[in-house]
Amino acid sequence: MARLLQANFARLWKTKSFWVCLILTVGLSAMALISNYLESPKYIENMGGNLTANGTGVMLYTAILAALYLGTDYSNGTIRNKLVIGRTRAEIYFANLITTALSGVILLTASWVSTGAVGLCLGGKLGMPAGELALDIAVCVCAIIALCAIFTVIGMLISSKSAIVTITLVSAFALMIIGILIQSRLDIPEFSTSLLVGEDGTISFGEQMPNPMYVSGIQRDIMTAVNDVLPSGQLTQMQMGKAHNEGLMPLYSLGVLAVSTAVGALVFRKKDLK
């Protein structure tokens with residue numbers, strides 16, 4: 001597998017899509033921080049939170065890169081050539097998984113370096129304990145790797161490059177939207193407060209009333225569990241600063257990685273590559 005990985009990374013460094021995604025990640029991460037700083041200078045007082053808020057954007061670039069990279073294996077006949085020279089299907093699958101996962105981590109790291117460099121120039125402050133930041137970083141890294149495992153399943157089980165790109169991007173957007181929708185529902189407050197407008201135009205708060213839109217009971221437990229397990233839900237929570245279960249999130253991501261890889265590798269073993 002070492003030679004497969006060497007060949008994969010040699011091709012990755014020469015792939016234009018990798019450098020385009022890397023440049024976009026660096027540039028847009030810096031622009032996002034500058035834009036938020038111009039809107040509110042206090043934004044850079046929590047650089048730790050700003051670093052881990054880049055995950056959802058990196059997820060989309062990782063999906064694009066993984067789809068184009070894996071799709072090329074089929075369109076150029078690379079997978080069949082690897083089998084002809086004696087490589088096993090398991091070696092090919094895991095080599096591609098490692099390549100896409102590492103490329104996602106590289107993009108994620110690039111976004112952190114860009115954000116951190118700009119924040120340092122603007123006089124930003126970490127804004128959180130180093131241990132908490134380290135845990136949040138671990139959550140983001142594990143979530144990106146789990147997402148790469150999902151993208152690898154798609155890229156290895158579909159033979160058409162255009163179909164791989166389409167399905168991977170649709171899946172990435174769908175996962176992101178699901179995470180945002182679930183988090184927005186969970187953020188609905190349990191009680192709502194009415195506003196009272198006096199005759200002189202003064203505004204005061206009325207009594208609190210139960211909010212009919214509030215999600216409670218078993219439904220809330222299920223939605224919370226789904227949002228914690230989904231890698232996209234984890235990245236959404238990091239972006240919104242609403243994560244509450246960071247200690248278990250890396251384990252959930254490893255579970256997604258294990259299940260996705262097991263299913264993908266088993267199906268790929270039986271896939272007709274003719």
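What you see below is based on every heavy atom in this structure, not just the backbone, and it leaves out hydrogens, waters and symmetry mates.
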Taking side-chain contact (heavy atoms from CB on, under 4.5 Å) as the criterion, tell me which of Leu70, Thr152, Asn8 meets it with Thr99. Asn8

Between Ala110 and Val26 the two heavy atoms that sit nearest each other are CB-CG2, 3.9 Å

I'd like to know if the side chain of Asn46 and the backbone of Gly49 have a donor-acceptor N/O pair within less than 3.5 Å. yes

So which heavy atom on Thr115 is nearest to which on Ser29, and how close? OG1-CB, 3.6 Å

With sequence neighbours left out, which residue pairs that include part of residues 37-59 fulfil the salt bridge (Lys or Arg N to Asp or Glu O under 4.0 Å) condition? none

Taking all atoms of both residues into account, what is the closest heavy-atom pair of Ala101 and Ile145, and its distance? CB-CG2, 4.2 Å

Of the non-hydrogen atoms in Thr100 and Ala66, which two are nearest, and what is the gap between them? CG2-CB, 4.2 Å

Using modelled atom types and a 3.5 Å cut-off, is there a donor and acceptor pairing between side-chain atoms of Gln237 and backbone atoms of Asn227? yes

I'd like to know if the side chain of Ser35 reaches the main chain of Met31, judged simply by a donor and an acceptor atom lying under 3.5 Å from each other, with no hydrogens or angles considered. no

Each residue besides Leu38 in its hydrophobic cluster should be listed here, by chain and number; the cluster joins Ile, Leu, Val, Met, Phe, Trp and Tyr at side-chain heavy-atom distances under 4.5 Å. Leu33, Ile34, Tyr37, Tyr43, Ile44, Met47, Val118, Leu122

Identify, with sequence neighbours excluded, every residue that meets salt bridge (Lys or Arg N to Asp or Glu O under 4.0 Å) alongside Lys161. none

For Lys82 and Ile85, the nearest pair of non-hydrogen atoms, with its separation, is O-CG1, 3.1 Å

Listed by chain and number, what are the side-chain contact (heavy atoms from CB on, under 4.5 Å) partners of Leu266, not counting sequence neighbours? Arg269

Looking only at heavy atoms, what is the nearest atom pair of Ser159 and Lys271, with distance? OG-NZ, 2.9 Å

Just grab all the salt bridge (Lys or Arg N to Asp or Glu O under 4.0 Å) pairs involving residues 139-149, residues at least two apart or on different chains. none

Should Leu107 and Ser103 count as side-chain neighbours, where that means a heavy-atom distance under 4.5 Å? no

Establish, from distance only, whether the side-chain atoms of Gln239 and Thr56 form a donor-acceptor pair under 3.5 Å. yes

Verify, without hydrogens or angle tests, whether Ser114 (side chain) and Ser111 (backbone) share a donor-acceptor contact under 3.5 angstrom. no

Distance only, no hydrogens: is a donor on one side chain within 3.5 Å (strictly under) of an acceptor on the other, for Thr52 and Asp136? no

Is Met249 isolated, or which residues cluster with it under the ILVMFWY side-chain rule of less than 4.5 Å, directly or via members? Val139, Met238

Applied to residues 4-13, the salt bridge (Lys or Arg N to Asp or Glu O under 4.0 Å) test, sequence neighbours excluded, yields Arg11-Asp73

Who passes side-chain contact (heavy atoms from CB on, under 4.5 Å) against Val226, sequence neighbours left out? Ile182, Ile222, Leu230

Return the set of residues passing side-chain contact (heavy atoms from CB on, under 4.5 Å) with Tyr214 (not counting sequence neighbours), or none when no residue passes. Glu190, Asn211, Ser216, Arg220

Residues forming a ring-ring contact (aromatic ring centres under 6.0 Å, His included) with Phe18, sequence neighbours excluded: Trp13

Kindly list each side-chain donor-acceptor pair under 3.5 angstrom involving residues 255-265, sequence neighbours excluded, with atom names and distances?
from	atom 1	to	atom 2	distance (Å)
Ser260	OG	Val256	O	2.8
Thr261	OG1	Leu257	O	2.7

Among pairs that include at least one residue of residues 236-254, which meet salt bridge (Lys or Arg N to Asp or Glu O under 4.0 Å), considering only residues two or more places apart or in two chains? Asp187-Lys242

